[in-house]
Q: 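Mind looking over this structure? Questions follow.
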2 protein chains.
Amino acid sequence: MSHSGHDMPTDHTRTAILSAAERLYADRGFADVTLRDIVAAADVNLAAVNYHFGSKDELIAELFVTRSLATNRERLNELKAAEAAGGGRAAIDAIFRALVGPTLRGCLGPDNERSAAARFMIRASIESVPPIRRIKNREIDHLRKFAAAMRRSLPGRDQVELYWGLHFALAMAHQTIRDSERLIKLSEGSCDLNDVAGILDRIVAVSVMALTGGEAEKKAPAKLVARDAR
Amino acid sequence: MSHSGHDMPTDHTRTAILSAAERLYADRGFADVTLRDIVAAADVNLAAVNYHFGSKDELIAELFVTRSLATNRERLNELKAAEAAGGGRAAIDAIFRALVGPTLRGCLGPDNERSAAARFMIRASIESVPPIRRIKNREIDHLRKFAAAMRRSLPGRDQVELYWGLHFALAMAHQTIRDSERLIKLSEGSCDLNDVAGILDRIVAVSVMALTGGEAEKKAPAKLVARDAR
DNA sequence: TTGCAATTCAAACAGTTGTATGAAACTATG
DNA sequence: CATAGTTTCATACAACTGTTTGAATTGCAA
């Protein structure tokens, strides 16, 4: 069989390249990972990359598209669930949780398979390499769905405030993943980066406060100050 | 004259290389800027880089060290001023302002000279290139001074909370600089990235809230919700 | 001017990159 | 078995990287 060759049940070489490339890119960034590094890690021939993917850029693009769709699906699932539970209007903290939870759990969690995938996405969001830049415009449309959910959740708020809240939530989550090393060194280990649920609570709580401001927090989204004692 | 050659009054070639490199690195990142790009922009000979700096890495290192010292000095000046004004204990919002203000103004402000310098520093904090990685450990010591100031400002707080506050403040500032384009696109221009003072107020206000939690905000650090109408 | 060091320059260097090639090895059908 | 199609492999290629070289050019002092 395999006349067209894009869905062989066990396309060993292809998947070996994909997972090796994802892990290497996640660990060392796009800049200093060469095709020869990838094929060495995957234990396949150099020409296999161009044979199966056409070019290095197309390999990166396929990696990014796959993971991007998976992450977006996961986030939207959480969002839909939250909106269904709230009868069309999700609580604002649930929206933030759906937005940053999947990536945060993926990057900081113990599962190493997911970790490579999530860290790859963080790399992709930072190091702007051409094949990814071309695709990444779709992410705006994805975020717009969260902005819409926030509008439904807090209909009174100025939209600008909502955008800033979204922006800050993503900022805190991404920086925590990207630069966790600095936080650990700075705090000399007293900030526990393994407590993913705690970190998620913390980021969500600050994001909610950024929106609800000094007002009485109506929904008691998370126990912020009581959290640190862990 | 010029026997040792490190302080010629008008070392045209050297400074031309430095400023061209800084601008290119700031705009396009370290990955895809070659020495030939730099010398073309600076309008000097290719060999000049190795003659004046020894190697590409040493050029990057000099650029980073210079800007890093300048930024740190600027931040510490603001911090000292705030602590002096408060009699040894700066207000927490003033500490945050000293921490993220210089970079934020430098990157988002209208001044193009400073802009290249500040955006270069952001690049350096993201794309981890070897010559910079070796130096960047000192930044921890620099941040420690701000952690100490925060401890003096809020002596009751758990230190872990302070570290997270510091971390989140930097996260919001950096992401705002790095990914301002996405925020503009997402908000369809309704988030005004030219209002640097407003953005600074906003980041400081959220950072303070992250620390002071749901309690009554004792110092009314900034008018958060009233800001957006501009 | 002469002489000498500092600087600039064009050219070439060795190494690495992504990609292409054509022969070999494999796979499964006739 | 034979044969056609797919996949692998070693190897070569052209382009580009940072760096070096040695000859020109400059600038200034004696």
Q: Can you give the donor-acceptor pairs under 3.5 Å from side chains of residues 140-149 of chain B to other protein atoms, not counting sequence neighbours?
A:
unit_1, atom_1, unit_2, atom_2, d
B/His142, ND1, B/Asn72, OD1, 3.3
B/Arg144, NH1, A/Leu186, O, 3.1

Q: Take the protein atom CG of B/Asp11 and the nucleotide atom P of D/dT26, then report the distance between them rounded to whole Å.
A: 18 Å
Q: Would you please name every residue forming a side chain to side chain contact (heavy atoms under 4.5 Å, CB included) with A/Arg67, sequence neighbours left out?
A: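 In terms of side chain to side chain contact (heavy atoms under 4.5 Å, CB included), with neighbours along the sequence ignored, A/Arg67 is linked to A/Glu22, A/Ala117, A/Phe120, A/Met121.
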Q: Applying salt bridge (charged side-chain N to carboxylate O under 4.0 Å, His left out) as the test, list every pair that has at least one member in residues 171-181 of chain A; sequence neighbours left out.
A: A/Asp179-A/Arg182, A/Glu181-A/Lys185
Q: Write down the distance between CG (A/Asp43) and P (D/dT8), rounded to a whole number of angstrom.
A: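 After rounding, the gap between these two atoms is 12 Å.
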Q: Could you write nucleotides 19-26 of chain C as a row of B, S and -, 5' to 3', where a protein heavy atom under 4.0 Å of any base atom gives B, of only sugar-phosphate atoms gives S, and otherwise -?
A: BBB-----
Q: Between the side chains of B/Arg123 and B/Asp27, is the shortest nitrogen-to-carboxylate-oxygen separation below 4.0 Å, so that they form an ion pair?
A: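 No.
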Q: Is the shortest side-chain N/O distance from A/His52 to OP1 or OP2 of D/dT8 below 4.0 Å?
A: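 Yes, A/His52 has a side-chain N/O under 4.0 Å of OP1/OP2 on D/dT8.
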Q: Counting just side-chain N and O atoms, does A/Thr13 come under 4.0 Å of either OP1 or OP2 of D/dT7?
A: no
Q: Residues in side-chain hydrogen bond (donor to acceptor under 3.5 Å, both in side chains) with B/Arg28, at least two apart?
A: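 Testing B/Arg28 for side-chain hydrogen bond (donor to acceptor under 3.5 Å, both in side chains), a comparison that skips the adjacent residues, returns B/Asp37.
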Q: B/Ile38 CD1 to D/dC16 C1': how many Å, rounded?
A: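 Computing the B/Ile38:CD1 to D/dC16:C1' distance gives 15 Å.
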Q: Using whole Å, what does the distance between atom P of nucleotide D/dT17 and atom CG of B/Asp37 come to?
A: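 Distance, rounded to whole Å: 7 Å.
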Q: Figure out the CZ/P separation between A/Phe30 and C/dG18, and round it to whole Å.
A: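 Going from CZ in A/Phe30 over to P in C/dG18 covers 13 Å.
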Q: Rounded to the Å, how far apart are B/Phe53 CZ and D/dT20 P?
A: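 Atom-to-atom, B/Phe53 to D/dT20, this comes out as 15 Å.
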Q: Over how many whole Å does the gap from B/Tyr51 atom OH to D/dT25 atom P extend?
A: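 Distance, rounded to whole Å: 17 Å.
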Q: Restricting to side-chain hydrogen bond (donor to acceptor under 3.5 Å, both in side chains), what partner residues turn up for B/Ser55, sequence neighbours left out?
A: B/Glu58
Q: Tell me: CG of B/Asp32 to P of C/dT17, nearest whole Å?
A: 16 Å
Q: Between B/His12 and C/dT8, is there a contact of a side-chain N or O with OP1 or OP2 at under 4.0 Å?
A: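 Looking at the OP1 and OP2 atoms of C/dT8, neither is under 4.0 Å from any side-chain N or O of B/His12.
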Q: Counting only heavy atoms not in B/Asn137, do more than 12 sit closer than 6.0 Å to its CG atom?
A: yes
